[in-house]
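Just below is one structure, and these are the notes that go with it.
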Amino acid sequence: MIQMHSLLLIFVCFSTNKTIERYQKRQKDIHGISSKGEDMQDDVKEDAHSLAKKIESLEDSKRKLLGHGLEPCSIDDLLLLEKQLERSLSRIRARKNQVFTEQIKKLKEEERRLGEENANLREECGMRPRESTSTRQSDDERNMEVETELCIGPPERRCKLKP
C-alpha cells in the first residue's frame, strides 16, 4: 500500500510538473505573440506615416505640374519643373507616334488583306481585276478638272445675275 501510495504521489507530482511547465510555456508564447503584435503594429504605423508623406509629396508635385501653388517656388525649382514637363511631353509624343505607327501598320495590313480578298472575289465572279490603287490615283489626278466661278461684287448681284 505504501508503495502504491508513493507511486501515486510520483505520478501526481510528475503530472503536476508537466502541467506547470505547459502553463509557463503557454504564458511565454502569449507574451511573445503580444510583443510581436506590438512590433508589427509599430511597423504598420511607420509604414502608414511614410506612405502619408509620399502621398502628400505626390499631391504637391501634381499641383505644381498643373501650375497651381508656384508662387513660393524658386527659379531653380521652376527650371527643374520645366525640364520635367519637357521630358514628360517628349515621352508622350514618342508614345503617341509609336501608337500611330502601329495603327498605320495594322491598317495597311488590313488594306492589303482586303485587296487580296477583293481580287479573289472578282476572280470567282469572273470580273476583270481592278487596277492598283496608285495607278488609279494618278489617273484620277490627271483627269480631275476644277470649275471655278469668279464673281466680283456683293453677293446679291451674283444671285440676280444667274438665270
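Computed over heavy atoms, backbone and side chain alike; hydrogens, waters and symmetry mates excluded. Residues take their numbers from the sequence shown, with the count starting at 1.
Screening residues 78-87 for side-chain hydrogen bond (donor to acceptor under 3.5 Å, both in side chains), with sequence neighbours left out, gives no hits. Annotation: salt bridge (charged side-chain N to carboxylate O under 4.0 Å, His left out) contacts involving residues 53-70, sequence neighbours excluded, comprise Asp60-Arg63, Asp60-Lys64.
Applying the 4.5 Å side-chain rule to ILVMFWY residues, one finds Leu70, Leu78, Leu81, Leu85 in the same cluster as Leu65.
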Inset, instruction - Could you walk me through whether Glu110 and Arg113 pass the salt bridge (charged side-chain N to carboxylate O under 4.0 Å, His left out) test, one step at a time? - result: CA-CA 5 Å; Glu110 181 72 10; Arg113 188 187 62 75; 2.6 Å; yes

Inset, instruction - Evaluate the side chain to side chain contact (heavy atoms under 4.5 Å, CB included) criterion for residues Thr101 and Lys105: first the C-alpha distance (whole Å), next the side-chain angles of each, then the deciding distance (0.1 Å), finally the verdict. - result: CA-CA 6 Å; Thr101 304; Lys105 192 176 182 180; 5.6 Å; no

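In this structure Glu71 satisfies the salt bridge (Lys or Arg N to Asp or Glu O under 4.0 Å) test with no other residue, sequence neighbours excluded. Remark: Ile92 engages no residue in a side-chain contact (heavy atoms from CB on, under 4.5 Å) (not counting sequence neighbours). In this view, Glu102 satisfies the salt bridge (Lys or Arg N to Asp or Glu O under 4.0 Å) rule with no residue, not counting sequence neighbours. Annotation: side-chain contact (heavy atoms from CB on, under 4.5 Å) contacts of Ser74 (sequence neighbours excluded): Asp76, Asp77. Legend: residues meeting side-chain contact (heavy atoms from CB on, under 4.5 Å) with Leu121, ordered by chain and number and at least two apart, are Glu117, Glu124. Partners of Glu46 by side chain to side chain donor-acceptor pair (under 3.5 Å), not counting sequence neighbours: none found. In this structure, Arg91 has no salt bridge (Lys or Arg N to Asp or Glu O under 4.0 Å) partners at least two apart in sequence or on a different chain. Listed by chain and number, the residues in a side-chain contact (heavy atoms from CB on, under 4.5 Å) with Tyr23 are Gln27 (sequence neighbours excluded).
Looking at Glu109 and Arg112, a side-chain N of the basic residue comes within less than 4.0 Å of a carboxylate O on the acidic one, giving a salt bridge.
We find the NZ-CD distance between Lys108 and Glu111 to be 8.5 Å, quoted to the nearest 0.5 Å. From Ser61, atom OG reaches atom CG of Leu66 across 9.5 Å, with rounding to the nearest 0.5 Å.
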